[in-house]
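Okay, structure first, notes after.
Protein chains get the first letters and strands the later ones, always in sequence-line order, with residue 1 at the start of each.
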Amino acid sequence: MRERLRRVLEEHLAAALREAGDAGAVPAFALDPPRQAEHGDFACNAALLVAKRLRQPPQAVAERLIAALGDAGGLVAAAEVAGPGFVNLWIADAEWQRGLLGILAAGSAFGRVPRRDGALRTQIEFVSANPTGPLTLGHGRQAVLGDCIARLLEAVGQQVTREYYFNDGGRQMRVLGQSVKARYLEQLGLAAPPPVAALADAEAPWPESIDGLPVVFPRDGYQGDYIAEIATDLRACHGDSLAEQPAEGVFREAAQKRIFAEIEATLTALGIRFDVYTNEKTFYESGELERVLDELRGRDLVYEHEGAVWLRATALGLDRDRVLVKGSGEPTYLLPDIAYHRDKFRRGFERILDIQGADHIEQFPFVRAAIGALGCDPERVELVMHQFVTLTSGGQQVKQSTRRANYVTVDELLTQVGADVFRFFMVQRKAEGHLDFDLDLAKERDWKKNPAFYVQYAHARTWGIERKAAEQGVPMPSAAAIDASGLTLPEELTLIRKLLEFPAVVAQAAAACEPHHIAYYLRDVAGLWNPYVQDGTRHRVLSEDASLSAARLALALGVRTVLANGLELLGLSAPERM
RNA sequence: GCCCCGGUAGCUCAGUUGGAUAGAGCAGCGGAUUUCUAAUCCGCCGGUCGGGGGUUCGAAUCCCUCCCGGGGCGCCA
């Protein structure tokens with residue numbers, strides 16, 4: 001409808017410009033629902049934009065535009081010039097009613113509009129946590145954010161691959177193995193646990209031994225309880241027979257295996273499935289690291305300094321150089337990351353999206369620049385950055401400390417609030433801002449207060465009405481033969497207008513990779529629908545008037561369609577009753 | 001010191017890529033209904049958009065500058 005209107009306006013503008021001897025193109029003008037309902041269904045600023053070129057005051061241009069427009073073939077019910085030269089347009093009721101039928105006809109496809117720029121093959125990498133411990137709230141936010149962006153891109157026609165990149169070698173995992181072995185030895189009475197005070201404070205003295213027993217727990221070890229649990233499991237299976245085994249072997253492997261299984265279980269509980277898991281080790285084993293290094297060297301982007309191999313990033317416009325291979329001969333994370341990103345291109349992805357926490361963004365420009373130097377188009381690699389999550393409970397911020405393993409995990413929160421609420425809260429803020437997770441509000445079970453339930457309940461209500469209709473023997477309207485002309489109340493037309501905005505909201509959210517727009521939009525729809533149903537004294541959906549009842553049932557189906565499709569985009573369930 | 005991200009109502013945050021009188025939820029206040037310390041409905045209050053300058057018909061939005069908060073600036077990932 002809006003596009004039809006836009007085309008008509010464009011024609012008239014082009015004609016006016018031609019008449020004035022201006023051969024230039026029609027500028028891109030706004031045609032949007034204004035903030036204030038009194039300003040019409042759509043407001044257009046075109047007259048303001050071309051006034052100068054026509055050498056006429058904007059108001060006069062607007063007047064002429066309206067005169068030329070007429071009723072645009074029954075589309076427009078009224079038009080006015082307002083303010084400095086806006087054209088406010090009112091759409092005929094019948095058009096809105098027709099629009100509702102369009103929603104019902106499209107069904108689950110409503111809002112899923114493939115964009116003109118085609119079905120890109122898109123790869124989206126997120127979470128990518130190494131298996132050293134349970135997922136934290138920051139990971140949780142990234143997991144939900146990445147998955148929702150993937151859903152949005154799919155909705156506009158892109159072919160999305162969800163990918164998780166990890167490293168089960170390297171220093172982190174070495175320390176993990178050492179941590180588990182230390183707990184194992186402690187449980188067997190062969191080692192002493194480090195004092196609590198020393199663990200809590202990085203500056204505190206670290207004893208070599210206590211009461212004749214050695215302290216083997218690493219200074220920078222992983223302190224979470226899950227480490228001790230893994231050790232306990234090993235003891236249950238193998239008794240004390242592992243005491244002489246190296247930390248690198250069975251300890252590290254057992255820990256990695258179990259922790260990864262837990263991460264996958266958490267992601268499954270969140271409703272997230274990855275298509276591909278890529279291990280950093282792949283690039284070591286395939287010799288790809290050497291090749292990348294050689295190619296960079298061939299472009300004079302590599303040099304040696306103090307025993308290390310450096311990337312000459314300053315030659316690529318960055319502010320400093322970075323180490324690719326440490327003096328120990330071990331690559332830093334940067335080199336495999338470059339190899340990995342090139343691999344993404346080689347696998348044929350046309351668009352590459354990295355979701356990263358604010359602490360990792362420093363890395364991105366280097367990868368991107370290096371990729372560009374290797375002949376890949378850096379424009380195709382995009383970064384979505386997100387800030388951290390703080391947890392508030394009882395008006396107080398819950399202190400989180402990674403070092404002391406004193407943090408709330410995704411799992412813990414999921415058992416308290418459930419996946420739907422968790423997802424909604426995580427995706428409801430824009431990514432670049434800090435997210436304050438209000439635990440009290442998340443645990444609130446009153447649908448009126450908890451925004452996730454508020455939306456879901458609005459959906460469930462459409463089913464409640466359908467059940468009521470069935471009880472009363474009122475048939476649901478069949479999509480082919482709906483007469484929506486009875487929907488004339490202002491609140492009904494407002495609702496339809498809102499429902500029809502959905503495809504534009506999806507398109508915008510997808511284009512910007514900003515799923516929070518969907519969350520806000522759904523709350524708005526629910527905020528119109530819930531009071532409409534609640535206020536049953538003024539207008540009941542089901543009444544004596546059979547055709548009016550049918551029209552309002554159609555409205556309920558329209559609301560259900562939009563809410564269900566929107567909840568799906570956010571990965572929330574759309575319950576039929578609550 | 002340098003880089004990135006934020007600063008909008010008491011709190012948590014939106015603000016459609018420059019549009020008209022800046023919005024929502026919660027909190028607060030008032031009224032209505034109501035058989036309980038509850039619940040529901042309606043209404044109200046609430047703002048120098050961090051400060052200052054600039055760009056233009058028009059700025060929360062774009063540019064410059066300063067202030068505040070978070071994160072980063074490693075041969076850790």
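B:A9 is unpaired under the criterion used here, namely a Watson-Crick or G-U wobble arrangement in which both key atom distances are under 3.5 Å. Nucleotide B:C73 forms a pair with B:G1, judged by Watson-Crick or G-U wobble geometry with both contacts under 3.5 Å. When both pairing distances are held under 3.5 Å, B:A60 makes no Watson-Crick or G-U pair with any nucleotide shown. Across all strands shown, B:G43 pairs with B:C29; the Watson-Crick or G-U wobble distances both stay below 3.5 Å.
Among the heavy atoms of the strands, none lies under 4.0 Å from A:D321. If you check every strand for non-hydrogen atoms under 4.0 Å, A:R523 touches sugar and phosphate atoms only. Contact annotation for A:Q508: backbone-only contact, meaning every heavy-atom pair under 4.0 Å involves sugar-phosphate atoms and none involves a base. Base engagement by A:A82 is indicated by at least one non-hydrogen atom pair under 4.0 Å involving a base atom. Looking at heavy-atom distances under 4.0 Å, A:D32 makes no contact with the nucleic acid at all. Using a 4.0 Å heavy-atom distance criterion, A:L48 is classed as a base contact. Across all strands, A:H360 comes closer than 4.0 Å to base atoms (heavy-atom distances). No contact: A:D438 has no heavy atom under 4.0 Å from any strand. Note on A:H305: a base of the nucleic acid sits closer than 4.0 angstrom, heavy atoms only. A:Q363 comes within 4.0 angstrom of no nucleic acid atom, judged by non-hydrogen atoms across all strands.
Ring pair A:F166/A:F260 is perpendicular by interplanar angle, where above 60° counts as perpendicular and below 30° as parallel.
Once the 5.5 Å centre distance and the 30° plane angle are applied, the aromatic ring of A:F86 is found stacked with the base of B:A20.
Side-chain proximity of A:W310 to B:C75, B:A14, B:A77: nearest is B:C75. Of the candidates B:U16, B:A14, B:A77, B:A14 carries the atom nearest the A:K430 side chain, counting heavy atoms from C-beta on. Nearest nucleotide to the A:R171 side chain, out of B:C13, B:C4, B:C76: B:C76.
For B:G43 and B:C5, the C1' atoms lie 39 Å apart once the distance is rounded to whole Å.
Residue A:E10 holds its CD atom at 10.5 Å from CG of A:L5, rounded to the nearest 0.5 Å.
Residue A:Y520 is the one, among A:N167 and A:Y520, whose nearest nucleotide of RNA chain B lies closer to the 5' end (criterion: closest heavy atom).
When only modelled atom types and interatomic distance are considered, A:N167 and A:Y333 share no side-chain donor-acceptor pair under 3.5 Å.
Phosphate proximity of B:G15 to A:H517: present, with a side-chain N or O under 4.0 Å from OP1 or OP2.
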